> 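I'd like to ask you about the structure that follows.
Remember, predicted model here, so these are calculated numbers, not experimental data. Note on naming: letters A, B, ... go to the chains in the order of the sequence lines (proteins, then strands), and numbering restarts at 1 for each one.
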Amino acid sequence: TVGAVAIDKSGNIAAGTSTGGMTNKKYGRIGDVPIIGAGTYANNLTCGISCTGTGEYFMRTVAAHEVSSLIKYKKLSPKEALHEVLFNQIGPLGGEGGIILLDKNGDIFWDFNSTGMFRGFKKSSGETKVEMFE
Amino acid sequence: NSFAIVIHGGAGGIKREYFTQEQQDAYAEKLQEALDAGYAILEKGGISLDAVQAAINVMEDSPLFNAGKGAVYNSEGNQEMDAAIMDGKTLNAGAVAGVNHIKNPILAARMVMDSSEHVMLSGKGAEILAKKFGIEMVDSSYFFTEKRLNQLREIQGKEKTPLDHTAYLIKNELIDDHKFG
(Lines give C-alpha, C1' and ligand atoms only; values in the text may rest on other atoms or scores of the structure.)
Protein backbone atom coordinates (compact mmCIF):
# COMPACT_ATOMS: atom_id res chain seq x y z
CA THR A 1 0.00 0.00 0.00
CA VAL A 2 1.13 3.53 -0.67
CA GLY A 3 -0.32 6.82 0.49
CA ALA A 4 0.21 10.55 0.65
CA VAL A 5 -1.19 13.51 2.53
CA ALA A 6 -0.46 17.13 1.61
CA ILE A 7 -1.35 20.65 2.67
CA ASP A 8 -1.00 23.44 0.10
CA LYS A 9 -0.31 27.14 0.40
CA SER A 10 -4.02 27.82 0.86
CA GLY A 11 -4.17 25.47 3.83
CA ASN A 12 -6.18 22.83 2.05
CA ILE A 13 -5.48 19.23 3.01
CA ALA A 14 -5.82 16.21 0.71
CA ALA A 15 -5.20 12.53 1.35
CA GLY A 16 -4.89 9.56 -0.98
CA THR A 17 -4.10 5.86 -0.79
CA SER A 18 -3.52 3.15 -3.41
CA THR A 19 -3.00 -0.56 -2.93
CA GLY A 20 -2.92 -4.03 -4.36
CA GLY A 21 -4.44 -5.37 -1.15
CA MET A 22 -2.97 -8.42 0.50
CA THR A 23 -1.20 -11.37 -1.11
CA ASN A 24 -3.45 -14.42 -1.40
CA LYS A 25 -6.57 -12.42 -0.59
CA LYS A 26 -9.86 -13.92 -1.71
CA TYR A 27 -11.01 -12.65 -5.10
CA GLY A 28 -13.42 -9.78 -4.65
CA ARG A 29 -12.00 -8.86 -1.25
CA ILE A 30 -11.94 -5.12 -0.69
CA GLY A 31 -9.88 -3.62 2.10
CA ASP A 32 -9.90 -0.33 3.95
CA VAL A 33 -8.17 1.80 1.32
CA PRO A 34 -11.15 2.75 -0.86
CA ILE A 35 -13.53 3.09 2.08
CA ILE A 36 -13.57 6.74 2.99
CA GLY A 37 -13.04 7.09 6.73
CA ALA A 38 -11.42 3.68 7.11
CA GLY A 39 -8.12 3.89 5.23
CA THR A 40 -8.31 7.37 3.80
CA TYR A 41 -9.71 10.61 5.20
CA ALA A 42 -9.18 14.37 4.96
CA ASN A 43 -10.83 17.29 6.71
CA ASN A 44 -9.38 20.80 6.80
CA LEU A 45 -10.74 21.20 10.33
CA THR A 46 -8.55 18.42 11.68
CA CYS A 47 -6.13 16.53 9.46
CA GLY A 48 -5.51 14.27 6.50
CA ILE A 49 -4.81 10.58 6.96
CA SER A 50 -3.65 7.57 4.96
CA CYS A 51 -3.43 4.07 6.43
CA THR A 52 -1.61 0.85 5.62
CA GLY A 53 -1.96 -2.57 7.17
CA THR A 54 -4.45 -5.37 7.64
CA GLY A 55 -7.45 -3.63 6.14
CA GLU A 56 -10.19 -5.53 7.92
CA TYR A 57 -9.14 -4.07 11.27
CA PHE A 58 -8.92 -0.55 9.89
CA MET A 59 -12.44 -1.00 8.54
CA ARG A 60 -13.82 -2.34 11.81
CA THR A 61 -12.42 0.60 13.76
CA VAL A 62 -13.13 3.14 10.97
CA ALA A 63 -9.56 4.06 11.74
CA ALA A 64 -8.91 7.22 9.75
CA HIS A 65 -12.14 8.93 10.76
CA GLU A 66 -11.69 7.74 14.34
CA VAL A 67 -8.31 9.49 14.55
CA SER A 68 -9.83 12.67 13.14
CA SER A 69 -12.76 12.49 15.57
CA LEU A 70 -10.50 11.96 18.58
CA ILE A 71 -8.69 15.16 17.60
CA LYS A 72 -11.87 17.08 16.86
CA TYR A 73 -14.11 16.05 19.74
CA LYS A 74 -11.86 14.63 22.43
CA LYS A 75 -9.17 17.21 21.79
CA LEU A 76 -6.44 14.61 21.70
CA SER A 77 -3.17 15.60 20.08
CA PRO A 78 -2.51 13.88 16.72
CA LYS A 79 0.18 11.80 18.39
CA GLU A 80 -2.23 10.66 21.11
CA ALA A 81 -5.00 9.95 18.62
CA LEU A 82 -2.74 7.80 16.44
CA HIS A 83 -1.53 5.84 19.45
CA GLU A 84 -5.07 5.30 20.71
CA VAL A 85 -6.31 3.89 17.42
CA LEU A 86 -3.26 1.80 16.52
CA PHE A 87 -2.39 0.40 19.94
CA ASN A 88 -5.67 0.44 21.89
CA GLN A 89 -8.19 -0.28 19.16
CA ILE A 90 -6.57 -2.01 16.17
CA GLY A 91 -3.76 -3.79 18.01
CA PRO A 92 -5.90 -5.68 20.55
CA LEU A 93 -8.08 -6.99 17.71
CA GLY A 94 -5.00 -8.45 16.03
CA GLY A 95 -4.53 -5.75 13.41
CA GLU A 96 -1.16 -4.55 12.24
CA GLY A 97 -0.08 -1.53 10.25
CA GLY A 98 0.61 2.17 10.30
CA ILE A 99 -0.87 5.62 9.71
CA ILE A 100 0.52 8.90 8.40
CA LEU A 101 -1.15 12.16 9.44
CA LEU A 102 -0.76 15.79 8.46
CA ASP A 103 -2.72 18.24 10.62
CA LYS A 104 -4.32 21.61 9.89
CA ASN A 105 -1.17 23.38 11.13
CA GLY A 106 1.02 21.52 8.66
CA ASP A 107 2.60 19.36 11.35
CA ILE A 108 3.39 15.78 10.43
CA PHE A 109 2.91 12.65 12.51
CA TRP A 110 3.19 8.92 11.91
CA ASP A 111 2.96 5.78 13.96
CA PHE A 112 2.82 2.02 13.37
CA ASN A 113 2.47 -1.16 15.37
CA SER A 114 4.22 -3.31 12.75
CA THR A 115 7.98 -3.72 12.71
CA GLY A 116 8.39 -0.98 10.17
CA MET A 117 6.79 1.35 7.67
CA PHE A 118 8.30 3.02 4.63
CA ARG A 119 7.69 6.74 5.12
CA GLY A 120 8.93 10.25 4.50
CA PHE A 121 8.01 13.91 4.55
CA LYS A 122 9.10 17.21 3.07
CA LYS A 123 8.09 20.64 4.40
CA SER A 124 8.46 24.17 3.06
CA SER A 125 10.52 24.94 6.16
CA GLY A 126 13.25 22.82 4.63
CA GLU A 127 12.79 19.83 6.90
CA THR A 128 12.76 16.49 5.11
CA LYS A 129 13.18 12.87 6.13
CA VAL A 130 12.87 9.35 4.73
CA GLU A 131 12.71 6.42 7.15
CA MET A 132 11.98 2.71 6.83
CA PHE A 133 12.60 0.93 10.09
CA GLU A 134 11.61 1.38 13.73
CA ASN B 1 1.96 30.07 2.87
CA SER B 2 3.69 27.05 4.33
CA PHE B 3 3.09 23.66 2.77
CA ALA B 4 4.11 20.06 3.32
CA ILE B 5 3.70 16.49 2.14
CA VAL B 6 4.02 13.16 3.94
CA ILE B 7 3.98 9.74 2.30
CA HIS B 8 4.08 6.07 3.19
CA GLY B 9 5.03 3.06 1.12
CA GLY B 10 3.43 0.32 3.19
CA ALA B 11 4.03 -1.39 6.49
CA GLY B 12 4.74 -4.90 7.66
CA GLY B 13 7.75 -7.10 8.33
CA ILE B 14 10.26 -4.37 7.72
CA LYS B 15 13.50 -4.81 9.65
CA ARG B 16 16.88 -3.55 8.55
CA GLU B 17 18.46 -7.01 8.69
CA TYR B 18 15.98 -8.38 6.16
CA PHE B 19 17.02 -5.96 3.42
CA THR B 20 20.27 -5.70 1.54
CA GLN B 21 21.87 -2.26 1.38
CA GLU B 22 20.99 -2.18 -2.30
CA GLN B 23 17.32 -2.79 -1.51
CA GLN B 24 17.33 -0.15 1.22
CA ASP B 25 18.86 2.37 -1.18
CA ALA B 26 16.30 1.54 -3.86
CA TYR B 27 13.39 2.13 -1.47
CA ALA B 28 14.88 5.35 -0.09
CA GLU B 29 15.51 6.68 -3.58
CA LYS B 30 11.97 5.97 -4.77
CA LEU B 31 10.40 7.41 -1.62
CA GLN B 32 12.45 10.57 -2.13
CA GLU B 33 11.34 10.74 -5.77
CA ALA B 34 7.70 10.49 -4.69
CA LEU B 35 8.16 13.21 -2.08
CA ASP B 36 9.90 15.46 -4.58
CA ALA B 37 7.13 14.98 -7.15
CA GLY B 38 4.45 16.08 -4.71
CA TYR B 39 6.55 18.84 -3.21
CA ALA B 40 7.30 20.36 -6.62
CA ILE B 41 3.60 20.86 -7.24
CA LEU B 42 3.04 22.48 -3.85
CA GLU B 43 6.08 24.71 -4.30
CA LYS B 44 4.67 26.07 -7.56
CA GLY B 45 1.39 26.93 -5.83
CA GLY B 46 -0.42 23.79 -6.93
CA ILE B 47 -3.20 22.23 -4.91
CA SER B 48 -2.76 19.46 -2.37
CA LEU B 49 -4.92 17.02 -4.38
CA ASP B 50 -2.50 17.24 -7.31
CA ALA B 51 0.49 16.82 -5.00
CA VAL B 52 -0.98 13.69 -3.42
CA GLN B 53 -1.78 12.27 -6.84
CA ALA B 54 1.72 12.96 -8.17
CA ALA B 55 3.45 11.36 -5.20
CA ILE B 56 1.28 8.25 -5.39
CA ASN B 57 1.80 7.98 -9.16
CA VAL B 58 5.54 7.60 -8.60
CA MET B 59 5.03 4.74 -6.16
CA GLU B 60 2.34 3.11 -8.31
CA ASP B 61 4.77 3.05 -11.24
CA SER B 62 7.45 1.31 -9.18
CA PRO B 63 7.52 -2.49 -8.70
CA LEU B 64 8.88 -1.90 -5.19
CA PHE B 65 5.51 -1.01 -3.70
CA ASN B 66 2.23 -2.86 -3.36
CA ALA B 67 0.19 -0.60 -5.64
CA GLY B 68 -0.03 -0.30 -9.41
CA LYS B 69 2.96 -1.99 -11.06
CA GLY B 70 4.01 -3.78 -7.87
CA ALA B 71 0.54 -4.93 -6.78
CA VAL B 72 0.34 -8.28 -5.02
CA TYR B 73 -1.62 -11.26 -6.34
CA ASN B 74 -4.89 -12.57 -4.98
CA SER B 75 -5.52 -16.27 -4.32
CA GLU B 76 -6.43 -16.86 -7.96
CA GLY B 77 -3.25 -15.30 -9.30
CA ASN B 78 -4.81 -12.02 -10.40
CA GLN B 79 -4.37 -8.48 -9.17
CA GLU B 80 -7.24 -6.41 -7.82
CA MET B 81 -6.33 -2.86 -6.88
CA ASP B 82 -8.07 -0.27 -4.75
CA ALA B 83 -7.49 3.49 -4.41
CA ALA B 84 -9.08 6.53 -2.81
CA ILE B 85 -8.57 10.26 -2.62
CA MET B 86 -10.27 12.91 -0.46
CA ASP B 87 -10.39 16.69 -0.47
CA GLY B 88 -10.30 18.09 3.07
CA LYS B 89 -11.72 21.44 1.98
CA THR B 90 -14.96 20.14 0.47
CA LEU B 91 -15.11 16.61 1.93
CA ASN B 92 -15.47 15.38 -1.63
CA ALA B 93 -14.04 11.93 -2.12
CA GLY B 94 -13.54 9.33 -4.81
CA ALA B 95 -12.52 5.70 -4.80
CA VAL B 96 -12.19 2.63 -7.01
CA ALA B 97 -12.04 -0.99 -5.92
CA GLY B 98 -11.13 -4.28 -7.55
CA VAL B 99 -9.65 -2.87 -10.76
CA ASN B 100 -6.92 -4.54 -12.81
CA HIS B 101 -6.65 -2.65 -16.09
CA ILE B 102 -6.13 0.90 -14.83
CA LYS B 103 -2.42 1.74 -14.83
CA ASN B 104 -2.71 4.27 -12.02
CA PRO B 105 -5.78 3.57 -9.85
CA ILE B 106 -5.35 6.84 -7.93
CA LEU B 107 -6.16 8.72 -11.16
CA ALA B 108 -9.39 6.78 -11.45
CA ALA B 109 -10.26 7.61 -7.84
CA ARG B 110 -9.72 11.29 -8.63
CA MET B 111 -11.90 10.92 -11.73
CA VAL B 112 -14.71 9.40 -9.65
CA MET B 113 -14.47 12.34 -7.26
CA ASP B 114 -14.24 15.08 -9.89
CA SER B 115 -16.37 13.73 -12.70
CA SER B 116 -19.10 11.59 -11.21
CA GLU B 117 -21.74 11.99 -8.54
CA HIS B 118 -20.52 8.84 -6.81
CA VAL B 119 -17.91 8.12 -4.15
CA MET B 120 -16.83 4.57 -4.97
CA LEU B 121 -17.03 2.48 -8.12
CA SER B 122 -15.86 -1.10 -8.29
CA GLY B 123 -14.58 -3.54 -10.91
CA LYS B 124 -15.97 -3.35 -14.41
CA GLY B 125 -17.96 -0.18 -13.84
CA ALA B 126 -14.93 1.68 -12.54
CA GLU B 127 -12.88 0.57 -15.53
CA ILE B 128 -15.55 1.54 -18.06
CA LEU B 129 -15.78 5.04 -16.61
CA ALA B 130 -12.00 5.39 -16.36
CA LYS B 131 -11.66 4.47 -20.02
CA LYS B 132 -14.41 6.90 -20.94
CA PHE B 133 -12.51 9.72 -19.25
CA GLY B 134 -9.26 8.87 -21.02
CA ILE B 135 -7.39 7.39 -18.09
CA GLU B 136 -4.57 5.11 -19.27
CA MET B 137 -5.64 1.48 -19.44
CA VAL B 138 -3.22 -1.43 -19.66
CA ASP B 139 -3.37 -5.16 -20.19
CA SER B 140 -3.35 -6.93 -16.85
CA SER B 141 0.04 -8.42 -17.80
CA TYR B 142 1.53 -4.97 -17.15
CA PHE B 143 1.25 -5.68 -13.44
CA PHE B 144 3.21 -8.94 -13.61
CA THR B 145 6.24 -9.08 -11.34
CA GLU B 146 8.07 -12.31 -10.68
CA LYS B 147 8.74 -11.48 -7.04
CA ARG B 148 5.08 -10.90 -6.29
CA LEU B 149 4.14 -14.12 -8.07
CA ASN B 150 6.73 -16.02 -6.05
CA GLN B 151 5.30 -14.42 -2.91
CA LEU B 152 1.89 -15.80 -3.82
CA ARG B 153 3.25 -19.28 -4.62
CA GLU B 154 4.81 -19.42 -1.16
CA ILE B 155 1.41 -19.27 0.51
CA GLN B 156 -1.15 -20.15 -2.18
CA GLY B 157 -3.62 -22.69 -0.82
CA LYS B 158 -3.03 -21.59 2.76
CA GLU B 159 -5.26 -19.26 4.72
CA LYS B 160 -2.57 -16.61 4.98
CA THR B 161 -2.30 -13.04 3.77
CA PRO B 162 1.02 -11.37 4.63
CA LEU B 163 1.49 -7.62 4.71
CA ASP B 164 3.50 -5.67 2.14
CA HIS B 165 7.11 -6.20 1.25
CA THR B 166 7.49 -9.83 2.22
CA ALA B 167 8.50 -10.57 -1.39
CA TYR B 168 11.61 -8.50 -0.97
CA LEU B 169 12.80 -10.05 2.24
CA ILE B 170 15.98 -12.10 2.28
CA LYS B 171 14.33 -14.64 4.57
CA ASN B 172 10.81 -15.96 4.38
CA GLU B 173 10.12 -17.07 7.94
CA LEU B 174 8.46 -13.73 8.71
CA ILE B 175 5.39 -15.06 6.94
CA ASP B 176 4.76 -17.25 9.96
CA ASP B 177 5.16 -14.35 12.37
CA HIS B 178 2.28 -12.29 11.10
CA LYS B 179 -1.25 -11.77 12.20
CA PHE B 180 -3.49 -12.45 9.26
CA GLY B 181 -6.64 -10.62 8.28
> Between A:I36 and B:V119, does the side chain to side chain contact (heavy atoms under 4.5 Å, CB included) criterion hold? Intermediate values first, please.
CA-CA 8 Å; A:I36 300 303; B:V119 171; 3.9 Å; yes
> Checking A:T40 side chain against B:I85 main chain: does a donor-acceptor pair fall under 3.5 Å?
no
> Looking at side-chain heavy atoms only, is the closest gap between B:H8 and A:F118 below 4.5 Å?
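Heavy-atom side-chain distance check fails, nothing below 4.5 Å.
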> Pull out the residues in residues 67-77 of chain A that come under 4.5 Å of chain B, heavy atom to heavy atom, sorted by number.
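Result: none.
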> Go through the atoms of B:Q53 and report whether side chain, backbone, both or neither lie under 4.5 Å from a heavy atom of chain A.
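Neither part, no heavy atoms under 4.5 Å.
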> Can you find a heavy atom in the side chain of A:T128 that is under 4.5 Å from one in the side chain of B:Q32?
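In short, these two side chains touch, coming nearer than 4.5 Å.
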> If you count heavy-atom pairs under 4.5 Å with chain B, which of A:S10, A:C51, A:G98, A:G55 comes out on top?
A:C51
> Side chain, backbone, both or neither: which part of A:T46 has a non-hydrogen atom closer than 4.5 Å to chain B?
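Contact with chain B is absent: no heavy atom of A:T46 under 4.5 Å.
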> Please classify the contact between A:Y27 and chain B as side chain, backbone, both or neither, with a heavy-atom cut-off of under 4.5 Å.
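Both the backbone and the side chain of A:Y27 come within 4.5 Å of chain B.
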> With only heavy atoms counted, which part of B:A28 is less than 4.5 Å from chain A, the side chain, the backbone, both or neither?
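Looking at B:A28, backbone and side chain both touch chain A.
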> Between A:K104 and chain B, which part of the residue has a heavy atom less than 4.5 Å away: side chain, backbone, both or neither?
neither
> Need one label for B:V96: side chain, backbone, both or neither, based on atoms under 4.5 Å from any heavy atom in chain A.
backbone
> Grab the two heavy atoms, one from B:I56 and one from A:S18, that are nearest each other, plus how far apart they are.
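Of all heavy-atom pairs spanning B:I56 and A:S18, the closest is CG2-CB, 3.8 Å.
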> Please confirm whether the backbone N or O of B:S48 pairs with a side-chain atom of A:D8, one donor and one acceptor, at under 3.5 Å?
yes
> Starting from the C-alpha separation in whole Å, work towards a yes-or-no answer on side chain to side chain contact (heavy atoms under 4.5 Å, CB included) for A:V2 and B:I7.
CA-CA 7 Å; A:V2 305; B:I7 63 171; over 6 Å; no
> Against chain B, work out which of A:I108, A:N113, A:D107 has the most heavy-atom pairs shorter than 4.5 Å and name it.
A:I108
> Can you tell me how the ring of B:F19 sits relative to the ring of A:F133, calling it parallel under 30°, perpendicular over 60° and tilted otherwise?
tilted
> Side chain, backbone, both or neither: which part of A:V130 has a non-hydrogen atom closer than 4.5 Å to chain B?
side chain
> Closer than 3.5 angstrom, by distance alone: can the side chain of A:K26 be matched with the main-chain N or O of B:N74 as a donor-acceptor pair?
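Between the backbone of B:N74 and the side chain of A:K26 there is no qualifying donor-acceptor contact (under 3.5 Å).
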> Can you tell me how far the CZ atom of A:F112 sits from the CD1 atom of B:I14, to the nearest 0.5 Å?
8.0 Å
> Using side chain to side chain contact (heavy atoms under 4.5 Å, CB included), reason through B:N66 and A:T19 one step at a time and then give a plain yes or no.
CA-CA 6 Å; B:N66 176 20; A:T19 189; 3.9 Å; yes
> Tell me, for A:I30 versus chain B, whether the close heavy atoms (under 4.5 Å) come from the side chain, the backbone, both or neither.
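Both the backbone and the side chain of A:I30 come within 4.5 Å of chain B.
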> Who among A:S114, A:A15, A:G21 has the most heavy-atom pairs with chain B under 4.5 Å?
A:A15
> In terms of heavy-atom pairs under 4.5 Å, which option from B:N78, B:N104, B:V72, B:I106 contacts chain A the most?
B:V72
> Between B:Y39, B:Y73, B:F143, which shows the greatest number of heavy-atom pairs under 4.5 Å with chain A?
B:Y39
> With a 4.5 angstrom heavy-atom cut-off, is it the side chain or the backbone of B:V52 that approaches chain A, or both, or neither?
both
> Do the side chain of A:K25 and the main chain of B:E80 share a donor and acceptor less than 3.5 angstrom apart?
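It does hold such a pair.
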> With a 6.0 Å cut-off (strictly less than), is the heavy-atom count around CG of B:N1, excluding the residue itself, greater than 12?
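No, not enclosed.
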> Quick one: do A:T23 and B:I155 satisfy side chain to side chain contact (heavy atoms under 4.5 Å, CB included)? Show the steps, please.
CA-CA 8 Å; A:T23 302; B:I155 60 170; 3.9 Å; yes
> Name the option with the most non-hydrogen atom pairs under 4.5 Å to chain A; the candidates are B:A71, B:A67, B:S122.
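Heavy-atom pairs under 4.5 Å are most numerous for B:A67.
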> Return the option, out of B:S2, B:A51, B:G77, with the maximum number of heavy-atom pairs under 4.5 Å with chain A.
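That would be B:S2.
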> Select one option (side chain, backbone, both, neither) describing which atoms of A:C47 are under 4.5 Å from chain B's heavy atoms.
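Contact with chain B: none, neither part.
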> With only heavy atoms counted, which part of B:Q156 is less than 4.5 Å from chain A, the side chain, the backbone, both or neither?
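Its backbone and side chain both get close to chain A.
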> Which one, B:S75, B:G38, B:A83, leads in non-hydrogen pairs under 4.5 Å with chain A?
B:S75
> Quick check for you: among A:S125, A:G28, A:G39, which has the greatest number of heavy-atom pairs under 4.5 Å with chain B?
A:G28
> Between B:A4, B:G68, B:G98, which shows the greatest number of heavy-atom pairs under 4.5 Å with chain A?
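So the answer, after comparing B:A4, B:G68, B:G98, is B:A4.
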> Using the side chain to side chain donor-acceptor pair (under 3.5 Å) criterion, which residues pair with B:D114? Sequence neighbours excluded.
B:R110
> Inspect the surroundings of CD in B:E76 and state if more than 12 heavy atoms from other residues, nucleotides or ligands are less than 6.0 Å away.
yes
